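All residue numbers refer to positions in the sequence shown, counting from 1. Atoms within a ligand are numbered from 1 in the order they appear, just like the ligands themselves. Computed from a predicted structure; not experimentally measured.
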Amino acid sequence: MVPKISIYPDYNAMSQAAADRVIALLTRKPDSVICLPSGSTPLGMFRALAAANQKGEVDFSKCIYIGLDEWIGLGAGDEGSCRDLLDRDFLKPIGFRENQVVFFNGKAMDPEAECTRVNKIVESFGGLDLIVLGIGMNGHLALNEPGTPWDTYAHISELDPLTAEVGQKYFNKPTPLTGGITVGIRHILEAETAILIGSGGAKAQVIARALAFPVTADFPATVLQNHMNAEFILDEEAGSGLKR
Ligand code: PGA
């Protein structure tokens, strides 16, 4: 299946469109299992979701939130961790209860057991209804770095040096990043719906590659070409590398 491509004039419109997909799903299926990313790109989507929640246009109280990924060695309470950003930008503003939230603990003593824990929970819910993804400058999806086999569920990943470098933007002091704990490509492929959000000219080339490259584990975002129900939601700049 070719992913659907939806291009909006600017970041706000792109963010609202992504939020609208989440709202439509929760309206149809309030107890959905949703997996949304941390990072810069989703901030506008989170703002739109918080605004809709305030106005009573969406009800998150029955859904389950699964965290997409985390840096190894970091977790709740560590400034700049994925959990920290999600708490600040989404989970606390919406008022999620702790029993609705499943998140990788990057500080777990046994990271493999942590992967198994999250895998079992996702499986017990019958998989993800929706996964929203950003895209990394190396084509990664979540922390599935280039070369990640496609038959993986949650796993520990060794970070590409580029990811460790780009990841510094989330921290207010230099932070050594070496590993990630992440949902796997199989979670992405098996999710009912997969949405990739992209914003800004810096992402234009990687987004074009994700859609034009042959499907290859060397560029994980190409896997979305194999998804049965994938959509790229982009602003004009992020979509500027696509032939139209
Ligand atoms: P970003 O991260 O939204 O902060 O650009 C995307 C990613 O690395 O997956």
List, pair by pair, the atoms of ligand 1 and of the protein that are both N or O and lie under 3.5 Å apart, giving the separation rounded to 0.1 Å.
unit_1   : atom_1 : unit_2 : atom_2 : d
ligand 1 : 2 (O)  : Y170   : OH     : 3.2
ligand 1 : 3 (O)  : S40    : N      : 3.3
ligand 1 : 3 (O)  : T41    : N      : 2.9
ligand 1 : 3 (O)  : T41    : OG1    : 2.5
ligand 1 : 4 (O)  : S40    : N      : 2.8
ligand 1 : 4 (O)  : S40    : OG     : 3.1
ligand 1 : 4 (O)  : K169   : NZ     : 2.8
ligand 1 : 4 (O)  : Y170   : OH     : 2.5
ligand 1 : 5 (O)  : K169   : NZ     : 3.2
ligand 1 : 5 (O)  : K203   : NZ     : 2.7
ligand 1 : 8 (O)  : H140   : NE2    : 2.8
ligand 1 : 9 (O)  : H140   : NE2    : 3.3

- Task: Answer yes or no: is there an ion pair linking E123 with R117, defined by an N-O contact shorter than 4.0 Å?
- Result: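 Not counted as a salt bridge, because no side-chain N and carboxylate O are separated by less than 4.0 Å.
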- Query: Quick one: are the ring centres of F60 and Y65 less than 6.0 Å apart?
  - Reply: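 Between Y65 and F60, which both carry aromatic rings, the centre distance is not below 6.0 Å.
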- Item | Side-chain (R97) to main-chain (S61) donor-acceptor, under 3.5 angstrom |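 Side chain of R97 to backbone of S61, a donor-acceptor pair under 3.5 Å: yes, one is there.
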- Inter- and intrachain pairs under ring pair (Phe, Tyr, Trp, His ring centres under 6.0 Å), touching residues 172-197, at least two apart: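 Sorted result for residues 172-197: Y153-H187.
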- Message: What's the separation between atom CD1 in I233 and atom CZ in R21, rounded to the nearest 0.5 Å?
- Response: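 Result: 4.0 Å between the selected atoms.
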- Joint cluster assignment, Y11 & I207, ILVMFWY side-chain distance < 4.5 Å: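 No.
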